[in-house]
Amino acid sequence: MFRAFRAEVADALTAGLESLELPTGDLGIEEPPEDLDATLASSVAFRLAGELETAPPQAAAELAAAIDSADYEYIGAVTTKGPYINFRTTDRYRQETVEAAQADDYGHLPERDESVVVEHTSANPTGPVHVGRARNPILGDAVANTLDMAGYDVERHYYVNDAGRQMAVFTWAYEKFDESDLDSEPARDRAEYDLVRYYRKGNSFLEDADEATTEAAEDEIAAIMQGLEAGDEDTYERVGEVVDTVLGGMKDCLARLPAEFDEFVKETRFMRDGSTDDVAARLKDSEYAVYDEEAWQLELDAFGIDKNLVFLRSDETSLYTTRDLAHHEWKFANFDRAVTVLGEDHKLQASQLQATLDILGNDPDRLDDVIYSYVNLPEGKMSTRRGTGVMLDDLLDEAIDRAREEVEDRLGDRIRDDDLDEEDIERIAHQVGIGAVRYDIVSKQPTKGITFKWDEALDFEAQSAPYVQYVHARCCGILDEADGEPTAEDIDSTALSTPEEAALIDAIARFPAVIEDAADECKPHRVATYTREVADAFNAFYRSCPVLSADTAATRRSRLALVAAAQHAVANALAVLGVEAPDSM
RNA sequence: GGGCACAUAGCUCAGUCUGGACAGAGCGUCGGACUUCUAAUCCGACGGCCGCGGGUUCAAAUCCCGUUGUGCCCGCCA
């Protein structure tokens with residue numbers, strides 16, 4: 001309803017300005033301070049003062065007088081305070097908000113008939129997912145969820161780098177070494193923990209061996225890469241076995257978040273179908289191509305990039321970016337838009353990709369990047385190859401364990417007579433533990449760096465998932481005790497007139513606008529901020545407005561409907577963040 | 001050396017795109033509230049030259065320039 005109200009305010013201001021023959025380019029619509037009884041405001045009067053040759057407060061008064069709120073559904077009182085024009089909402093606005101929010105899918109925007117492919121995670125299948133990487137699936141999943149709720153037709157892709165040197169080294173090491181060559185047991189009974197030991201062994205071997213041995217090994221590794229480039233079936237199978245095995249384990253880990261994918265797109269696919277060769281041929285013909293130092297390159301100065309992009313090696317083989325170009329042209333052929341979630345270390349490569357897609361005749365505006373900073377340890381970066389880092393599996397296990405302890409600690413002083421059984425405790429521990437980890441990461445601006453600290457990542461107090469989840473559980477608790485679901489006929493918004501009720505309705509009304517804004521800018525952390533606002537508003541309401549024991553039956557019915565509305569807003573906002581909404585805690 | 005990010009209360013962060021009403025939360029500290037729909041809650045107090053210096057503007061945490069600190073990138077790796 002807030003979206004409609006916002007549109008009405010824009011209309012009203014535009015019409016008012018036109019009637020005074022004033023420019024309508026900048027309406028100055030903003031949100032007023034919280035202690036003011038208004039939902040939106042305008043500071044346009046500051047700019048009118050000159051035109052009207054009066055002080056801003058007079059200009060505001062003139063414009064306010066030119067607006068008749070009777071022309072609008074949701075605009076109530078239009079008042080001024082100094083130079084500001086303040087807009088209140090109508091009872092109808094509140095009535096329709098609570099009615100609309102009775103729908104289980106409240107917050108979902110109408111379908112847009114526009115498809116978006118969201119690529120995220122795409123970690124090389126070299127070993128277990130560590131926390132440094134985990135920001136990608138958590139953020140990426142939330143971006144995809146946000147777009148989905150905003151009405152886009154979303155597909156989630158994981159791009160598998162199965163053609164690079166890393167996988168060639170891995171395959172070589174896996175074939176060269178035996179279990180007996182390894183110096184440790186797998187840290188966990190799953191494929192990627194088992195195989196990563198070969199990868200690490202191979203890398204340390206290459207570092208430590210003498211020159212002749214290293215050279216021989218490098219020849220074997222180069223043979224694997226050339227086999228892939230030449231389309232040799234046997235090589236594909238050898239590499240594919242390692243890739244699929246390791247990736248299988250990583251999928252299991254990611255599924256715990258959960259982060260699920262519609263498709264795992266392999267890089268080799270674009271070598272085998274000839275599209276990478278096609279891209280290279282077209283780039284050679286472009287005006288930006290140069291043949292320098294025996295390799296084909298692109299000069300991208302015209303795009304503000306002073307670094308040349310090599311797209312064919314001197315031996316005519318392709319590079320990662322060349323294949324990624326073919327990959328993105330494939331995306332453009334199958335989807336209206338593409339969004340990629342990338343670590344900040346890929347920024348240069350991402351801008352080169354954008355520029356080159358442009359050169360190839362694509363509209364680069366169809367591709368958006370969401371860039372995030374890595375999660376580092378206090379002592380530095382996490383690395384799969386070196387085996388430094390906190391594994392996501394371990395973090396999730398620890399989070400669940402701590403959540404379980406919390407649940408058990410609280411069992412004693414529960415007022416509610418819904419004795420939780422073992423199964424409930426385990427369910428809540430999972431929902432809260434994993435929710436807290438996800439929320440901690442998704443609620444922050446992705447561009448800000450995070451230094452991983454156990455006690456911070458596992459802090460259930462702070463502004464965290466459990467706070468919001470608890471609100472959802474409270475809603476469910478109340479609705480459980482009530483007889484039957486509230487219906488639209490139960491709602492009398494004039495019975496919901498306390499400041500706490502009005503504030504809660506106001507928060508609920510904003511939810512679809514929050515989804516819209518978060519989707520437009522691919523910023524799911526805004527939804528996290530919103531969950532706290534709506535939770536705050538609910539808790540204030542909960543404190544001062546008894547529902548089941550309300551003074552009158554009419555108030556009780558209306559408040560029940562309001563609780564249902566809040567529950568839907570909270571549940572769907574949490575769903576966007578990938579955080580589960582518990583029915584009880 | 002060049003490029004890109006980040007810097008807001010003791011700590012962790014919103015707000016920055018699109019400049020506007022005294023800069024908001026949580027944690028921590030201190031003081032209160034459970035015979036009541038779940039206290040993983042709520043109420044109150046304390047706490048800020050929004051890194052620093054200039055500039056633009058009626059108005060700057062927000063825009064521009066400079067500067068300091070931190071991170072990332074600058075490969076015929078991915």
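This structure is a prediction, so every number in the text was calculated from the model and none was measured. A, B, ... follow the sequence lines: proteins, then strands. Residue 1 opens every chain.
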Trainee: With C1' as the reference atom in both, quote the distance from B:C43 to B:A61 in angstrom, rounded to an integer.
Mentor: 30 Å
Trainee: Base, sugar-phosphate, or nothing for A:H525, non-hydrogen atoms under 4.0 angstrom?
Mentor: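 Sugar-phosphate contact only.
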Trainee: On the six-membered ring of A:F2, is A:R510 placed so that its NZ or CZ lies under 6.0 angstrom from the centre and within 45° of the ring axis?
Mentor: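 Yes, A:R510 lies over the aromatic ring of A:F2.
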Trainee: Is the centre of the A:F303 ring less than 6.0 Å from the centre of the A:Y288 ring?
Mentor: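 A:F303 vs A:Y288: aromatic centres under 6.0 Å.
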Trainee: For A:N86 and B:A21, give me the distance from atom CG to atom P, rounded to whole Å.
Mentor: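 Result: 12 Å.
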Trainee: May I ask you to say what A:R47 touches in the nucleic acid, namely base, sugar-phosphate or nothing, with a heavy-atom cut-off under 4.0 Å?
Mentor: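 A:R47: base contact, heavy atoms under 4.0 Å.
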Trainee: With the 90 degree cut-off around zero defining syn, does B:C34 come out syn or anti?
Mentor: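 It is syn.
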Trainee: Should the pair A:F452 and A:W454 be assigned to parallel (<30°), tilted (30 to 60°) or perpendicular (>60°) ring geometry?
Mentor: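 Correct class here is perpendicular.
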Trainee: When you measure from the side-chain N and O atoms of A:Y542 to the phosphate of B:A39, is any distance below 4.0 Å, counting only OP1 and OP2?
Mentor: yes
Trainee: Contact class for A:L36 (heavy atom, under 4.0 Å): base, sugar-phosphate, or nothing?
Mentor: base
Trainee: Dot-bracket for RNA chain B, 5' to 3', counting Watson-Crick or G-U wobble pairs under 3.5 Å, with [ ] for crossing pairs and | for inter-strand pairs?
Mentor: (((((((..((((......[...)))).(((((.......))))).....(((((..]....))))))))))))....
Trainee: When you compare B:C63 with B:A14, how far apart are their P atoms, in angstrom units rounded to a whole number?
Mentor: 16 Å
Trainee: Determine the Euclidean distance between corresponding P atoms of B:U18 and B:C65; express it in Å to zero decimal places.
Mentor: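 Looking at atom P only, B:C65 and B:U18 are 15 Å apart.
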Trainee: Heavy atoms only, 4.0 Å cut-off, all strands: where does A:A41 land among base, sugar-phosphate and nothing?
Mentor: base
Trainee: Quick check with a 6.0 Å cut-off and a 45 degree axis cone: is A:R474 positioned over the face of A:Y542's six-membered ring?
Mentor: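 Relative to the ring axis of A:Y542, which defines the angle, A:R474 lies inside both limits.
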Trainee: With sugar-phosphate meaning primed atoms plus P, OP1 and OP2, does A:L548 contact a base, only sugar-phosphate, or nothing at under 4.0 Å between heavy atoms?
Mentor: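 Counting heavy atoms under 4.0 Å across all strands, the contact made by A:L548 includes a base.
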Trainee: Check nucleotides 61-66 of chain B against the protein and report each pair of N or O atoms closer than 3.5 Å, with its distance, or say if there are none.
Mentor:
none

Trainee: Taking any heavy-atom pair under 4.0 Å as a contact, classify A:C545: base, sugar-phosphate, or nothing.
Mentor: base
Trainee: Can you figure out which of B:A14, B:C17, B:C77 approaches the side chain of A:K448 most closely?
Mentor: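 Of the options given, the side chain of A:K448 lies nearest B:A14.
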Trainee: Looking at A:R410, does any N or O in its side chain come under 4.0 Å of the phosphate oxygens OP1/OP2 on B:A40?
Mentor: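 The answer is yes; a side-chain N or O of A:R410 sits under 4.0 Å from OP1 or OP2.
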Trainee: In whole Å, what separates the P atom of B:G44 from that of B:A7?
Mentor: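 That atom pair is separated by 29 Å.
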Trainee: Between B:G71 atom P and A:L348 atom CG, what is the distance in whole Å?
Mentor: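 About 20 Å, once rounded to whole Å.
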Trainee: Rounded to the nearest Å, what distance is computed from the CZ atom of residue A:R313 to the P atom of nucleotide B:C77?
Mentor: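 Atom-to-atom, A:R313 to B:C77, this comes out as 4 Å.
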Trainee: When you measure from the side chain of A:E267, which nucleotide among B:A78, B:A14, B:C72 comes out closest?
Mentor: B:A78
Trainee: If the C1' atom of B:A23 is compared with that of B:U62, how far apart are they to the nearest Å?
Mentor: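 Per the computed distance, 11 Å lies between those C1' atoms.
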